[in-house]
Amino acid sequence: ARHITIGAAQLGPIARGESREAVVKRLIALLRQASARGCELVVYPELALTTFFPRWLIERGPELDAWYEPEMPNAQTQPLFDEARALGIGFYIGYAELAVEDGKTHHYNTSILVGPDGEIIGKYRKIHLPGHVEPQPGRDSQHLEKRYFEPGNLGFPVWDAFGGVVGMCLCNDRRWPETYRVMALQGAELVVLGYNTPNDHTGDGAVDGLSNFHNHLAMQAGAYQNSTWVVGTAKCGREEGSLMIGQSAIIAPSGEIVAMATTLEDELVTARCDLDMSKVYRETFFDFARHREPQHYGLIVER
Ligand code: CDT
C-alpha cells in the first residue's frame, strides 16, 4: 500500500473587496488544520485568491489586470508557501495567471502543484473554458471565462510527486472524459482539481437543480473509468449574489466518495488514500493495454 493523507480545503465565498492577504490567512488556517490531521497534500479551489471575477464585465485595463497574478509566488502569496514548507505539506491551488510569452501578454486560468519543500512541481492551464466572450442578456451573473482567459497551452501533463503519479485540471475540465483519460494514459493515480460552479448556469430549474448531482457524477465517473483518485475542491456559497455549489469530495478509484464537505464555508475534509488502489482497477476492468481498442476511437480527435 502507498498511503497519502489528502485534504480538500474548501473555501466559502470571497467578497469582491477581500484582499489577497485576507484570503491567504484563510488558506493558512486551513493548512494548519490539515497539518494537525496529518495531511501531506492539500487541494485548494480554482481561482482561490480572489472572488470569481468572470461574473462581471470589466473593461480591459488596470482594473481587469488587478485580478491576475504576474508571478507565483508573489508578495501576497509567499506566506502560504512559507507556511506549507514549514509544515512540510504540498498543495494545489488555482489562480488567474498573467504570462508574458514570446513578448506577448497572455491570460490563463491556471493551477500549480507545490511540493512539501515549497517548490513548484508543475503548472496546468485550464483547457475547457466554459461560458461566453460577450455578456449574455438577462443574467444576474455573467460567466465570461472565454473573454478573460485563453485555452491552456500545456496539455494535460502528469508528474511523479507525493509517491505517485499526479495530474491536475480545473473546474469545467472535470466534466469531459478526455481530461481524465489523457492523464490516465500517462499513468495518473491522482487527479486534483478546483471548481467554482454557480448553480444557475442554464436558467432551467430542471437542469440547474442537478448541479450537485452532475458535479459528483462527472468526478466519480472520471475516477472509476480511469482507475484514479480524484480530489475536487469547491469555492462555494453565496459570493456577490451568485450561489455556488460545495460538496467538495475525495473520490476513490472505485468511484466511491470517501469524504465530502457538508457546509458552504471554509471546510477541510481529509482522507487517507492508498494510491495502490489505482492498480486494482487498472489491472482488471481497465487494463488499458489489454482492453482498449483505440483503432475505433479516431473520431474523438478528428471532430
Ligand atoms: N469555473 C467553471 O468552469 N465553472 C463551470 C460553470 C458552469 S459553465 C458556465 C463548471 O463547469 O462548473
Side-chain angles (χ1 to χ4, degrees), residues 8 10-14 16 23 43-58 67-69 92-97 107-112 124-152 154 156 168-180 191-223 230-249 251 260-261 264:
Q10 177 174 286
L11 288 177
I14 299 177
R16 186 169 190 161
V23 175
V43 180
Y44 292 115
E46 175 194 44
L47 297 175
L49 299 172
T50 66
T51 199
F52 188 76
F53 66 89
R55 72 169 61 90
W56 296 296
L57 178 62
I58 305 166
W67 295 108
Y68 298 82
E69 316 297 321
Y92 158 105
I93 191 165
Y95 62 96
E97 179 191 11
H107 301 80
Y108 300 107
N109 188 342
T110 294
S111 63
I112 48 171
Y124 169 73
R125 288 170 174 159
K126 185 174 181 178
I127 287 176
H128 300 98
L129 295 173
H132 310 95
V133 175
E134 297 300 332
Q136 300 298 295
R139 290 182 69 109
D140 294 337
S141 281
Q142 299 295 332
H143 200 110
L144 300 175
E145 285 198 58
K146 284 198 192 290
R147 184 182 192 93
Y148 297 138
F149 303 114
E150 294 164 56
L154 302 176
F156 290 106
M168 296 188 259
C169 66
L170 279 158
C171 196
N172 190 262
D173 287 322
R174 77 193 186 291
R175 303 186 192 273
W176 299 90
E178 294 85 355
T179 298
Y180 305 91
V191 172
V192 289
L193 68 98
Y195 57 93
N196 283 258
T197 299
N199 77 345
D200 63 350
H201 178 54
T202 66
D204 176 345
V207 178
D208 293 345
L210 300 175
S211 297
N212 278 310
F213 168 63
H214 287 155
N215 174 43
H216 284 165
L217 178 68
M219 295 195 293
Q220 290 179 261
V230 173
V231 179
T233 304
K235 174 146 68 62
C236 58
R238 190 165 291 284
E239 190 181 82
E240 300 293 348
S242 170
L243 185 60
M244 301 194 294
I245 64 167
Q247 298 196 339
S248 300
I251 299 159
M260 182 180 93
L264 294 176

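Basis for what follows: all heavy atoms, side chains included, without hydrogens, waters or symmetry-related copies. Order of listing sets the numbers, starting from 1, for every ligand and every atom in it.
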**Study point:** Audit row: Thr51, Glu240, side-chain hydrogen bond (donor to acceptor under 3.5 Å, both in side chains) steps and yes/no
**Key:** CA-CA 8 Å; Thr51 199; Glu240 300 293 348; 5.0 Å; no

**Study point:** From CA spacing to verdict: side-chain contact (heavy atoms from CB on, under 4.5 Å), Tyr95, Thr110
**Key:** CA-CA 5 Å; Tyr95 62 96; Thr110 294; 3.7 Å; yes

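Listed by chain and residue number, the protein contacts of ligand 1 are Glu46, Phe52, Lys126, Pro130, His143, Glu145, Cys171, Asn172, Arg174, Arg175, Asn196, Thr197, Pro198, His201 (heavy atom within 4.0 angstrom).
Between the side chain of Ser111 and the backbone N or O of Ile93 there is no donor-acceptor pair closer than 3.5 Å.
The neighbour count for Asp208 CG, taken as heavy atoms of other residues, nucleotides or ligands under 6.0 Å away, is above 12.
The salt bridge (Lys or Arg N to Asp or Glu O under 4.0 Å) with Glu46 is formed by just one residue from the set Arg125, Arg174, Lys126; it is Lys126.
Counting heavy atoms from C-beta outward, His201 and Arg139 have side chains that approach closer than 4.5 Å.
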